[in-house]
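Index from 1, following the sequence.
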Amino acid sequence: QRLIEIAEAEKHKNLKVVPCKEGDVLYFYSDVLNEICKAKIIKVEFNFYLPKHTIWISFEYDSKQIGRQVCNGRYDLLINKELFITKQEAEQALKEHEYGRSD
């Protein structure tokens, strides 16, 4: 029965698959800090009141410069922009940011 429900939701575009879950470790890149930090996902939640059922995530990271921080944000605005699944992706973002600087 559950597989049928999932197939129906997928067919009607009501299924959201998030590549991270609570407890996962991702890599946070901050162009302000110019630093890559391990980030632990502490909460994933769906906002069903918004038209596109926006996914919100909360994560914490330890910065060498400012210590432990907790952040919240929309999944679609964070993943592959500030939060990366692999460290290599975060390093590439850092490299591209440094290359684009005109300092």
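- A donor-acceptor pair shorter than 3.5 Å can be found between the side chains of Gln92 and Glu96.
- In summary, the side chains of Glu82 and Ser30 do not present any donor paired with an acceptor at a separation below 3.5 Å, with no hydrogens or angles considered.
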* Asked: Do Gln69 and Ser63 pass the side-chain hydrogen bond (donor to acceptor under 3.5 Å, both in side chains) test, and can you show the C-alpha distance, the side-chain angles, and the key distance before you say yes or no?
  -> CA-CA 8 Å; Gln69 302 293 311; Ser63 167; over 6 Å; no
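- With contacts defined as side-chain heavy-atom distances shorter than 4.5 Å, the pair Ile42/Ile57 does not qualify.
- To the nearest 0.5 Å, the span separating NZ on Lys38 from NZ on Lys87 amounts to 7.5 Å.
- Note on Val44: it clusters hydrophobically with Tyr75, by side-chain heavy-atom contacts below 4.5 Å among ILVMFWY residues.
- Atoms CG and CD, on Asp62 and Glu35 in that order, are 9.5 Å from each other to the nearest 0.5 Å.
- Counting heavy atoms from C-beta outward, Leu33 and Ile66 have side chains that approach closer than 4.5 Å.
- A donor-acceptor pair is defined here as one N or O able to donate and one able to accept, closer than 3.5 Å; no such pair exists between the side chain of Glu60 and the backbone of Ala39.
- Counting all heavy atoms, side chain and backbone alike, Glu89 lies closest to Phe84 at CB-CD2, 3.6 Å.
- The CD1 atom of Ile41 lies 7.0 Å from the CG atom of Asp24; values are rounded to the nearest 0.5 Å.
- Ring centroid separation for the pair Phe28 and Tyr61 comes in under the 6.0 Å cut-off.
- With Phe59 as reference, Leu78 is the one residue of Asn72, Leu78, Val70 to meet the side-chain contact (heavy atoms from CB on, under 4.5 Å) rule.
- Note on Ile55 and Leu83: same hydrophobic cluster, where clusters join Ile, Leu, Val, Met, Phe, Trp and Tyr whose side-chain heavy atoms are under 4.5 Å apart, directly or indirectly.
- For Asn34 (side chain) and Asp31 (main-chain N/O), no donor-acceptor pair under 3.5 Å exists by modelled atom type.
- Pairing each heavy atom of Lys81 with each of Tyr29, the nearest pair is O-CD2, 4.4 Å.
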